[in-house]
Amino acid sequence: MRSSYRGFEILGFPPPSSGGVHVAQILNILEQFDVKAMGANSADFIHVAAEAMKAAFADRAWWLGDADLRLCLGA
């Protein structure tokens, strides 16, 4: 799986592994923010990074998860 972040080429594992998809999605979300100006470990950066990860994990559960299990759970 190939993606980019601020001019860097990012290589990750393709499906069925969800890792490459996660990294690409999180970095694509973070690319919309000036994370450098927020400062490392600032409350703003941690909040934006946590929300990006939350979105990626929610998408994984819905789009990359086991569809049969999702039907059993009634989601």
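- Both Met53 and Val23 are members of a single hydrophobic cluster when ILVMFWY side chains are connected at heavy-atom separations under 4.5 Å.
- Between Ile10 and Arg2, every side-chain heavy-atom pair lies at or beyond the 4.5 Å cut-off.
- The salt bridge (charged side-chain N to carboxylate O under 4.0 Å, His left out) pairs that include a residue from residues 32-57 are Glu51-Lys54, where partners are two or more places apart or lie in different chains.
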- Message: I'd like to know whether Met1 forms a side chain to side chain contact (heavy atoms under 4.5 Å, CB included) with Leu11, so could you lay out the CA-CA distance, the side-chain angles of the two residues, the decisive distance to 0.1 Å, and finally the verdict.
- Response: CA-CA 6 Å; Met1 154 120 216; Leu11 302 175; over 6 Å; no

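- Here the closest non-hydrogen pair linking Ala49 and Leu30 is CA-CD2, 3.9 Å.
- Note on Phe8 and Phe33: same hydrophobic cluster, where clusters join Ile, Leu, Val, Met, Phe, Trp and Tyr whose side-chain heavy atoms are under 4.5 Å apart, directly or indirectly.
- Formation of a donor-acceptor pair under 3.5 Å by the Ser4 side chain with backbone atoms of Gly7 is not found in this model.
- Residue-environment remark: OH (Tyr5) exceeds the threshold of 12 foreign heavy atoms within 6.0 Å.
- The same ILVMFWY cluster, assembled from side-chain heavy atoms under 4.5 Å apart, contains both Ile29 and Met38.
- For Glu31 and Arg6, the salt-bridge test fails: no basic side-chain N is under 4.0 Å from an acidic carboxylate O.
- Of the inter-residue distances, the one linking Phe13 atom CZ with His22 atom NE2 reads 15.0 Å to the nearest 0.5 angstrom.
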